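Working notes for the structure below.
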Amino acid sequence: MAQPKRSQLTIRLVVVALWLALVIPGGIQLAAHRNYKETIVLGPGVTEVRKLSDWAPYIEGTTNDCNIYVLDSGVPGGTMLVIGGTHPEEPAGVLSAVTIVENVVPKVGKILVAVRANKSASTVTRPGDAYPQFYTIPTDFGDRKFRMGDRWSNPLDSWPDPEVYVHYPSGQMLAYMDVRNLNRTWPGRPDGMLTERTTRAFIDLINAENVDIFIDNHEAELEYSVISTIVAHQDAADIAAMASMMLSAMEFPMGMEYSPLLLHGLSHREVGDHTDALALEIEVPEPFLDRVRGITDEALLLEGKDEFVMRAGKAGLLYEKIDENGWHIDERVGRTNSTIKMIVEMYNEFYPDRQIQFEGLPTRDEVVAYGVGRYLLNPAQVGANRVVQD
Ligand SMILES: [Zn+2]
């Protein structure tokens with residue numbers, strides 16, 4: 001075999017050096033994001049922090065053995081489970097869950113919260129789509145930093161994907177990557193892929209704790225029709241319809257729609273079908289998710305301003321309004337919280353025997369007036385036993 005000439009060898013070495021110069025710093029950044037631990041401060045209402053594996057041993061030792069925050073009033077009543085982070089690229093759902101953990105004080109019944117329902121999906125973003133890795137929320141004591149994530153579980157935790165994802169138990173065929181989508185794997189199974197196991201673990205929790213209301217926090221692109229709405233299982237339709245009417249009359253427009261009967265894998269369908277809980281999903285607008293968006297950075301994620309999405313709106317291509325004010329994270333977290341509060345108020349009307357009452361949840365007007373940072377606690381001002389990582 002002929003030896004490469006010295007000049008060819010030099011070119012090859014330069015190419016390898018350039019490749020390493022790109023791959024090593026990039027890899028370090030990806031690893032730092034994957035291993036970054038979020039700080040959560042236990043608010044005055046948190047009585048216990050448990051692990052999802054407490055209800056489902058088969059999830060122990062996996063990335064998705066997330067914290068379950070328990071806010072127990074000690075007064076007998078109903079139980080609510082709120083999950084954020086089904087899709088970690090929808091930060092308002094995550095931050096809404098954090099504001100519950102850090103602010104809410106239960107008065108009757110019990111509240112359970114998962115901030116990171118699909119923790120694995122929060123350890124990866126979409127570098128190919130130029131997603132930021134983190135976002136920071138300003139507060140009086142400095143920034144609180146959160147992991148931005150993806151829609152799907154991290155392939156490092158769940159691999160390989162099937163050619164076609166066959167949903168269990170319906171047999172419905174779905175796109176291959178949706179075997180890693182926490183809102184396509186309900187009700188799940190204990191011996192399935194990671195995301196199927198995760199949803200099964202939540203089903204086991206819901207059954208064991210006799211959860212009355214289950215709420216799944218989401219955000220949606222403005223190009224998608226399921227937006228600014230509550231999606232309800234038919235058993236929760238009365239509550240959702242009343243909440244939608246009251247919110248639209250008193251606070252902001254909020255729709256209501258039925259969970260499709262034959263579309264399987266979604267939380268509002270399967271939690272309602274496979275448990276006694278009333279299953280609801282909340283969707284608020286997030287321009288960051290729109291395909292026509294411009295620069296995909298932390299500013300867009302938090303401020304929700306984008307001239308290209310606005311142009312799409314002028315062309316009549318969107319299902320929600322947008323102007324130069326955009327859709328700020330405060331507006332989105334506030335709307336999510338107001339919707340949760342109204343759902344619970346309506347639930348209490350329908351189910352007076354299993355009341356859920358609480359105080360301290362910052363609603364839309366408060367979060368917009370003061371910023372969500374006002375409702376994040378300072379980890380330095382509480383004891384070390386009131387700070388956890390998630
Ligand atoms: Zn979502």
Side-chain angles (χ1 to χ4, degrees), residues 64 66 81-98 113-126 129 131 135 146-154 158 165 167 174-175 177-188 195-196 198-199 202 214-233 240 254-260 263-272 279-291 293 296 300-302 304 309 318-320 327 329 331-333 335-337 339-340 343:
N64 274 5
C66 65
L81 170 64
V82 179
I83 66 172
T86 289
H87 295 145
E89 59 168 358
E90 299 162 13
V94 175
L95 291 170
S96 159
V98 175
V113 185
V115 171
R116 290 294 187 186
N118 188 355
K119 198 167 172 181
S120 172
S122 76
T123 68
V124 63
T125 63
R126 285 189 223 171
D129 282 11
Y131 273 29
Y135 51 93
F146 296 89
R147 288 189 303 270
M148 172 58 171
D150 199 357
R151 185 174 174 83
W152 296 281
S153 304
N154 193 332
S158 178
Y165 162 39
H167 172 260
L174 293 163
M177 69 283 194
D178 276 339
V179 77
R180 289 183 283 116
N181 180 345
L182 195 83
N183 206 16
R184 294 295 182 278
T185 58
W186 297 90
T195 320
E196 295 177 291
T198 309
T199 46
F202 277 107
F214 166 82
I215 297 178
D216 188 5
N217 286 348
H218 284 261
E219 297 194 82
E221 59 269 51
L222 282 66
E223 292 165 277
Y224 188 50
S225 59
V226 183
I227 191 166
S228 297
T229 194
I230 306 167
V231 187
H233 186 270
M254 195 71 181
M256 176 266 165
E257 49 199 278
Y258 281 89
S259 169
L263 192 51
H264 286 287
L266 294 132
S267 64
H268 41 78
R269 166 59 31 217
E270 309 294 352
V271 171
L280 304 123
E281 180 189 85
I282 298 172
E283 294 275 4
V284 297
E286 184 189 358
F288 181 96
L289 297 177
D290 277 282
R291 287 164 302 168
R293 67 181 183 266
T296 305
L300 175 57
L301 185 69
L302 296 179
V309 179
L318 305 180
Y319 291 91
E320 179 51 279
W327 282 96
I329 191 74
E331 182 76 51
R332 290 140 55 196
V333 173
R335 287 188 182 210
T336 306
N337 286 1
T339 305
I340 293 171
I343 286 171

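Values in this document were obtained by computation on a predicted structure and should not be read as measured data. First listed ligand is number 1; within each ligand, the first listed atom is number 1.
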Q. Do any N/O/S atoms of E89 come under 2.8 Å of the Zn ion (ligand 1)?
A. no
Q) Can you name the N/O/S atom of H218 that is nearest the Zn ion (ligand 1)? A) ND1
(Q) Under a plain distance cut-off of 3.5 Å, with no hydrogens placed, do N337 and S96 share a side-chain donor-acceptor pair? (A) yes
(Q) From the N, O or S atoms in H87, identify the one nearest to the Zn ion (ligand 1). (A) ND1
Q.
Please check this pair: side chain of T229 against backbone of M256, looking for a donor-acceptor N/O pair closer than 3.5 Å.
A. yes
Q: With the side chain counted from C-beta on, respond yes when V271 and E281 share a heavy-atom pair under 4.5 Å apart, and no when they do not.
A: no
Q | Donor + acceptor pair across side chains of N154, S120 (<3.5 Å) | A | no
